[in-house]
Every structure is written in C-alpha cells, then in structure tokens.
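Reviewing the structure listed below.
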Amino acid sequence: MAKALFELQPVCVVCGSDIKLAVDHVTPVTKGGSLIPGNAVVLCKSCNSAKFNRDLQELLPLTAFSIIVAAQEFAECWQAIT
C-alpha cells in the first residue's frame with residue numbers, strides 16, 4: 001500500500017517538497033490510527049515533525065484541509081484499484 005501512496009502522492013501534500021518523504025497517519029497510531037487508505041498521506045520530514053501526533057483539529061485549517069483531501073483521494077484511488 002505504501003508504494004501506491006507514494007505513486008499517487010510523490011510530494012508532501014502540505015508543502016509540495018519532494019525531499020525526505022514519509023508516510024504519515026492522519027489519526028496517529030498513538031491515538032488508534034493505522035496504516036489504511038484514508039488514514040495515510042505523504043509528508044516531508046519537516047511537515048511530519050510539525051504535525052507530530054496531533055489531531056487535525058489542532059493544526060492550521062489549511063494544513064488540516066490538505067491532509068484530509070489527500071487522504072480521501074488515496075482512499076478513493078485504492079478502492080478503485082483493489
């Protein structure tokens with residue numbers, strides 16, 4: 001699944017960077033989230049560190065919106081290919 005996520009999201013969904021990318025959980029693992037479509041997005045190291053394990057409600061609205069849209073797009077694409 002991670003490979004498909006990186007193919008759909010080749011840059012950070014928040015800032016557009018293509019350096020030091022990682023999979024981030026929309027709902028953090030420490031708060032019950034898991035690596036499933038709809039709960040995973042690609043973030044760069046900087047954006048991932050800034051998000052840390054915070055809930056979307058704790059983030060800037062534009063950041064939260066970017067993450068939500070990207071997670072939904074991946075869930076829809078994943079559903080279409082499986």
Side-chain angles (χ1 to χ4, degrees):
M1 184 185 81
K3 181 179 177 183
L5 180 60
F6 280 108
E7 288 177 8
L8 179 66
Q9 300 171 359
V11 298
C12 175
V13 301
V14 173
C15 74
S17 174
D18 62 355
I19 300 171
K20 296 184 181 179
L21 300 176
V23 174
D24 181 70
H25 300 92
V26 178
T27 300
V29 173
T30 58
K31 296 181 179 183
S34 61
L35 184 59
I36 59 170
N39 193 49
V41 295
V42 172
L43 296 180
C44 68
K45 183 179 179 180
S46 177
C47 290
N48 194 353
S49 294
K51 181 181 176 288
F52 188 51
N53 71 340
R54 292 188 276 172
D55 292 321
L56 294 177
Q57 299 83 357
E58 300 175 78
L59 303 175
L60 294 173
L62 184 56
T63 299
F65 179 76
S66 297
I67 291 171
I68 290 167
V69 168
Q72 289 174 342
E73 285 176 354
F74 180 62
E76 291 169 6
C77 287
W78 184 258
Q79 187 175 18
I81 63 173
T82 57

Query raised in the report: Going by heavy atoms in the side chains, are E58 and F52 under 4.5 Å from each other?
Result: no
Query raised in the report: Quick one: do V23 and I81 end up in the same hydrophobic cluster if we chain Ile, Leu, Val, Met, Phe, Trp and Tyr together by side-chain heavy atoms under 4.5 Å apart?
Result: yes
Query raised in the report: For the atom pair CG (L59) and SG (C47), what is the distance rounded to the nearest 0.5 Å?
Result: 10.5 Å
**Report entry** Path from L8 to V42 over hydrophobic side-chain contacts below 4.5 Å
**Finding:** yes
Query raised in the report: Do other residues, nucleotides or ligands put more than 12 heavy atoms under 6.0 Å from the NZ atom of K3?
Result: no
Requested in this report: For residues I67 and V14, report the shortest heavy-atom separation together with the two atoms involved.
Outcome: CG1-CG2, 3.9 Å
**Report entry** P10 to D18 - nearest heavy-atom pair and separation
**Finding:** O-CB, 4.2 Å
Query raised in the report: Does some side-chain heavy atom of W78 sit less than 4.5 Å from a side-chain heavy atom of L5?
Result: no
Query raised in the report: Taking the side chain as C-beta and beyond, is there a heavy-atom pair between K45 and S17 under 4.5 Å?
Result: no
Requested in this report: Could you grab the distance from atom NZ of K20 to atom OG of S49, nearest 0.5 Å is fine?
Outcome: 10.0 Å
Query raised in the report: Does I19 reach the side chain of C12, with side-chain heavy atoms less than 4.5 Å apart?
Result: no
Query raised in the report: Is a donor on one side and an acceptor on the other found under 3.5 Å between the side chain of K51 and the backbone of H25?
Result: yes
Query raised in the report: OG1/T27 to CG/L56 distance, rounded to the nearest 0.5 angstrom?
Result: 6.5 Å
Query raised in the report: Which heavy-atom pair separates L21 from F6 by the least distance, and what is that distance?
Result: CB-CE2, 3.8 Å
Query raised in the report: Are V26 and V13 connected in a single hydrophobic cluster, I mean Ile/Leu/Val/Met/Phe/Trp/Tyr linked by side-chain heavy atoms less than 4.5 Å apart?
Result: yes
Query raised in the report: Are any non-hydrogen side-chain atoms of P37 and M1 less than 4.5 angstrom apart?
Result: yes
Report summary line: Between A40 and L35, the two heavy atoms sitting closest are CB-CD1, 3.7 Å
Query raised in the report: Can you name the nearest heavy-atom pair linking A71 to V41, along with the distance?
Result: N-CG1, 3.5 Å
